[in-house]
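Have a look at the structure below before the remarks.
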Amino acid sequence: PDPSFSGRRALVTGAGKGIGRAAALALSGAGAQVVALSRTQADLESLERERTGIETLCVDLGDWDATEAALSKVGAVDLLVNNAAVAVLQPFLEVTKEAFDRSFDVNLRAVFHVSQIISRQMIARGVQGAIVNVSSQASQRALREHAVYCSTKSALDMLTKVMALELGPHKIRVNSVNPTVVMTDMGQINWSEPQKAAAMISRIPLGKFAEVDDVVNSILFLLSDKSAMTTGVSLLVDGGFLVS
Ligand code: NDP
């Protein structure tokens with residue numbers, strides 16, 4: 001496959017479903033040794049059945065101590081995909097502390113924590129690492145009922161830049177992919193209502209939502225040596241939404 005990741009070990013978070021699962025399968029298909037991390041054991045078991053050789057880690061990334069314990073045993077990682085996230089939609093005036101804390105713990109704090117652990121270990125091993133954070137078009141455009149989600153993704157884009165700045169001298173590249181709506185479980189919960197979906201699609205120049213593979217292809221590009229001189233960017237996979 002092109003690009004090839006043979007000889008490289010990849011950690012993908014939120015790999016039980018959706019984009020993360022597809023990214024884990026694609027990386028494995030392209031020769032990487034994959035560690036799939038997610039929250040629901042049954043999803044990880046079905047992933048192991050779907051592709052032999054994928055290693056799995058079951059942990060809730062909202063739990064700081066459990067994450068630290070799980071990752072202390074993960075071994076060498078060269079490529080990291082911070083994909084796990086939650087989208088809890090609430091009108092701004094009704095946002096709860098629970099939704100705020102859970103969203104920031106999973107979507108942002110866990111990215112800090114996992115990336116710190118993995119980067120320290122990349123630096124100690126002297127490898128050229130690559131990290132891709134899965135952000136969203138929602139980081140750069142206000143969307144109704146997305147106050148918390150938009151805020152987490154906006155912060156994630158800035159974290160991506162500061163990590164690129166500080167980790168660049170250690171030969172670790174850090175970028176994000178920023179998709180439009182994808183009809184995964186998350187996408188279906190939030191965008192199944194036909195009028196809401198049609199209104200969003202009408203604002204996308206390419207006239208459709210993204211496919212899981214569109215996002216996975218961009219993740220693989222940013223993990224690969226094909227993007228060797230690119231760090232600190234947010235690669236839009238939005239069909240042109242943000243220029244419309
Ligand atoms: P899904 O909800 O389909 O899948 C998310 C995966 O992450 C699940 O396996 C889920 O496990 C896991 N996960 C969630 N929370 C945790 C946690 N605390 N600890 C460990 N694993 C966790 O989402 P998508 O595949 O659609 O989303 C993937 C990424 O893409 C996210 O960062 C999302 O914000 C982003 N994105 C999605 C878009 C969309 O329209 N779908 C658009 C733009 C960006 P479990 O189900 O067991 O909780």
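Nothing fancy with the numbering, it's 1 onward along the sequence. Note that these values count all heavy atoms, side chains included, but never hydrogens, waters or copies made by symmetry. Both counts, for ligands and for their atoms, begin at 1 and track the order of listing.
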Kindly indicate whether the side chain of F5, heavy atoms from C-beta on, has any atom under 4.5 Å from the side chain of S224.
yes
Near E166 CD, under 6.0 Å, is it more than 12 heavy atoms from other residues, nucleotides or ligands?
no
Lining ligand 1 at under 4.0 Å, by non-hydrogen atom distance, are residues G14, G16, K17, G18, I19, S38, R39, T40, V59, D60, L61, G62, N83, A84, A85, V86, R102, V106, V134, S135, S136, Y149, K153, P179, T180, V181, V182, T184, D185, M186, G187
Pair N175-T230, side-chain donor/acceptor within less than 3.5 Å:
no
Less than 4.0 angstrom from a charged side-chain N to a carboxylate O is my criterion; do E145 and K196 meet it?
no
Please work out whether the ring planes of W191 and H146 are parallel, tilted or perpendicular, with thresholds of 30° and 60°.
tilted
Verdict with supporting geometry, S38 and D43, side-chain hydrogen bond (donor to acceptor under 3.5 Å, both in side chains):
CA-CA 8 Å; S38 203; D43 290 339; 5.3 Å; no
